[in-house]
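Please read the structure below before turning to the comments.
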Amino acid sequence: MENKNVKVPLIGKIAYGFGDVGCNFSWMFVSNFLMIFYTDVFGISMSAVSALMLFSRFWDAINDPIVGGLTDKTNSRWGRYRPWLLFAAPVTAILLILAFWAHPNWSNTAKIIYMVITYCLLVLGYTCVNIPYGTLCGAMTQNIDERAKINTSRSVSAMIAIGIINIITVPLISKLGASSPKTGYLSVAIIYGCIFTACHWFCFAKTKEVVTIPEKEKISLKVQLKAVMQNRPYILALIGQVLFGFTLYGRNADVLYYFTYVEGSASYYTVYSMCIIVPSIIGAACFQPVFKKTNNKGRAASIFALLTGISMLTLYLFNVKETPILFYAVSAITQFFFSGFNTAIYAIIPDCVEYGEWKTGLRNDGFQYAFVSLGNKVGMAIGTAFLAAMLGHYGYVANAQQNDAVIMVMKHSFTTIPGVLWIVTAIVLFFYRLNKKRYNEIVEELKHGKQN
């Protein structure tokens, strides 16, 4: 292996950040709006949506490790991971558009079949982009501080993108869907699909892989899984990703329901999004000073997760109508801490690759990131399926006044449930031991061919 402890040029950091801008214009749009599109526009039942979320994770369990393994085996003049951004991004954009192309007058059977096929293909397409994109960070440098800067760029860019998406999507859907909501959703999907592709092409063009790995003999799945199980920092990061996916995407799926039915108007969502965009950017940038203070990315993530959980529990006490200032202020504080965590959790993963290579002699970047992606999606599936099941169980009716039980499910899913889970996440990541000093020692040993 050729080790490269290089500094990444500014344009490379910016381009890598744009990759996550693209990811969010696809996946955050899906996580925030697809479920309510299915139930309130396409006319699919909550029980069918819940079943889809769980079924799709079996699909992920198959395709994520396969895609991760294929990226590790890719050998081109552009590197291992960058070619996937070039070719898979436009295909995924088309699949995003198809997912939001729907006819409410179809039969229930036709709706469900179409939903299952398009969603599973979209998940596969996104996997073919997101796994190589996430793995690319570790191939750009082995310098732990540079990786922290790259992930800060990624997170800041993501927070800006998420803020923009949250602010403009509801007004865009309303304006472009003046004739019908389905036209609004489809039009936005087309716009966001084009942005998704353009961002990943820019990332492809301006990044460079410098950590090269020679071709090696085929390694069985059993051997790779055994190596992963010996990588303690990676296991903790993986558990953190599962909890992260459950908490984040379950809440994201609930957010539009919350403002529409609990607070009384989806327009509050736009105001909420405007209040949290600046704290999001500042919070993401604050990861680096916290990391310098702790010298441990896992501990930094743990601190941010704990404070996010406390803030979300506090948010339960306020609402838009009676205490708007406190509601938006606490929301801003919550987002500040969440953004710091979001930067930290993704900064952890590349460092675990070196630890795993030092511990087991096996380096499999793509395979490891595939399980991180899978863990995140499993959490997402459980979170969204749980929300859909609870709403369906307590009598949710689309586009109607909801009963008190449904309202409480929506409110707790926005505040107390994710609050408790953030605290659990903080406890898990507190035990992450791979600090900066130990990581640098491991990289030096790898350079000199030493094995534990």
Side-chain angles (χ1 to χ4, degrees), residues 28-29 31-46 49 104 162-185 188 247-277 279-280 311-335 338 383-384 386-419:
M28 197 55 62
F29 177 50
S31 68
N32 285 13
F33 292 90
L34 187 60
M35 183 169 156
I36 200 168
F37 168 79
Y38 280 154
T39 59
D40 290 20
V41 178
F42 204 0
I44 298 172
S45 69
M46 277 287 183
V49 174
I162 291 169
I164 293 171
I165 292 165
N166 291 344
I167 290 169
I168 69 173
T169 302
V170 170
L172 267 179
I173 291 171
S174 299
K175 183 161 185 69
L176 299 175
S179 58
S180 69
K182 66 176 185 178
T183 303
Y185 277 97
V188 172
T247 309
L248 173 65
Y249 293 112
R251 188 175 190 257
N252 283 352
D254 178 64
V255 66
L256 206 54
Y257 289 103
Y258 173 83
F259 284 107
T260 301
Y261 296 108
V262 178
E263 299 292 359
S265 174
S267 62
Y268 289 129
Y269 178 56
T270 302
V271 179
Y272 165 82
S273 301
M274 292 175 67
C275 291
I276 66 174
I277 185 170
S280 295
S311 300
M312 279 192 184
L313 289 172
T314 305
L315 190 60
Y316 177 80
L317 303 174
F318 311 110
N319 61 69
V320 171
K321 295 177 182 177
E322 297 174 358
T323 52
I325 294 176
L326 288 171
F327 176 85
Y328 290 125
V330 175
S331 295
I333 293 169
T334 301
Q335 193 67 18
F338 162 75
T384 51
F386 178 77
L387 173 66
M390 292 298 290
L391 290 175
H393 175 74
Y394 285 104
Y396 172 82
V397 180
N399 302 305
Q401 180 68 38
Q402 306 302 326
N403 62 53
D404 290 342
V406 169
I407 293 296
M408 289 309 296
V409 169
M410 292 176 179
K411 186 168 184 179
H412 282 295
S413 296
F414 190 69
T415 55
T416 57
I417 295 173

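Just so it is clear, the structure is predicted and the values come from calculations on it, not from any experiment.
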Next on the checklist: Whether the Thr39 and Tyr257 side chains hold a donor-acceptor pair (N or O, under 3.5 Å, no angle test) is what I'd like checked.
Outcome noted: yes

Next on the checklist: Restricting to non-hydrogen atoms, name the atom on Tyr261 and the atom on Gln402 that form the minimum distance, rounded to 0.1 Å.
Outcome noted: CE2-NE2, 3.4 Å

Checklist entry - Would you say His393 and Val409 make side-chain contact, with heavy atoms under 4.5 Å? => result no

Item to check | Check: Val320 and Tyr272 side chains under 4.5 Å, non-hydrogen atoms | outcome: no

Next on the checklist: Measuring from atom CE of Met28 to atom OG1 of Thr169, what distance do you get when rounded to the nearest 0.5 angstrom?
Outcome noted: 11.0 Å

Checklist entry - Which atoms form the tightest heavy-atom contact between Ile167 and Thr270, and what is the distance? => result O-CG2, 3.4 Å

Next on the checklist: How close do Ile164 and Ile277 get, counting heavy atoms only, and between which atoms?
Outcome noted: N-CD1, 4.0 Å

Item to check | Minimum heavy-atom distance between Thr183 and Ser179, given as atom pair plus value | outcome: OG1-OG, 3.9 Å

Checklist entry - Within the distance-only criterion (no hydrogens, no angle test), does the side chain of Lys182 pair as donor or acceptor with the backbone N or O of Phe42 below 3.5 angstrom? => result no

Next on the checklist: Between Tyr316 and His412, does the side chain to side chain contact (heavy atoms under 4.5 Å, CB included) criterion hold? Intermediate values first, please.
Outcome noted: CA-CA 7 Å; Tyr316 177 80; His412 282 295; 3.5 Å; yes

Item to check | Steps toward side chain to side chain contact (heavy atoms under 4.5 Å, CB included) verdict (Val170, Ser267) | outcome: CA-CA 8 Å; Val170 170; Ser267 62; over 6 Å; no

Checklist entry - Would a 4.5 Å heavy-atom cut-off, applied to side chains only, mark Ile173 and Pro181 as touching? => result no

Checklist entry - Taking atom NZ of Lys411 and atom OH of Tyr258, what is their separation to the nearest 0.5 Å? => result 6.0 Å

Next on the checklist: Counting C-beta onward and ignoring hydrogens, is there a side-chain heavy-atom pair between Val406 and Asn403 closer than 4.5 Å?
Outcome noted: yes

Checklist entry - Relative to the ring of Phe414, is the ring of Phe259 parallel (under 30°), tilted (30 to 60°) or perpendicular (over 60°)? => result perpendicular

Checklist entry - Should the ring pair Tyr185 and Phe37 be called parallel, tilted or perpendicular, given that the plane angle runs from 0 to 90° and is split at 30 and 60? => result tilted

Checklist outcome for this item: Separation between CG (Leu317) and OG1 (Thr416), nearest 0.5 Å, reads 10.5 Å

Next on the checklist: Check for me whether the distance between the ring centres of Phe29 and Phe33 falls short of 6.0 Å.
Outcome noted: yes

Checklist entry - Just wondering, do Phe338 and Met312 contact through their side chains at under 4.5 Å, heavy atoms? => result no

Checklist entry - CD1 of Ile36 to CG of Leu256: how many Å apart, nearest 0.5 Å? => result 4.0 Å

Next on the checklist: Heavy-atom count check: over 12 atoms from other residues, nucleotides or ligands less than 6.0 Å from Tyr394 OH?
Outcome noted: no

Next on the checklist: Please determine whether the number of non-hydrogen atoms from other residues, nucleotides or ligands lying under 6.0 Å from atom CZ of Phe318 exceeds 12.
Outcome noted: yes

Checklist entry - Closest heavy-atom contact between Thr247 and Pro418? => result CG2-CB, 3.5 Å

Next on the checklist: Can you tell me how far apart CG (Asp254) and CD1 (Ile417) are? Round to the nearest 0.5 Å.
Outcome noted: 8.5 Å

Next on the checklist: Minimum heavy-atom separation for Val330 and Ser311, please, with both atom names.
Outcome noted: CG1-O, 3.5 Å

Checklist outcome for this item: So CD1 of Ile333 and CD1 of Ile276: to nearest 0.5 Å the spacing works out to 13.0 Å

Item to check | Over 12 foreign heavy atoms within 6.0 Å of CE, Met274 | outcome: no

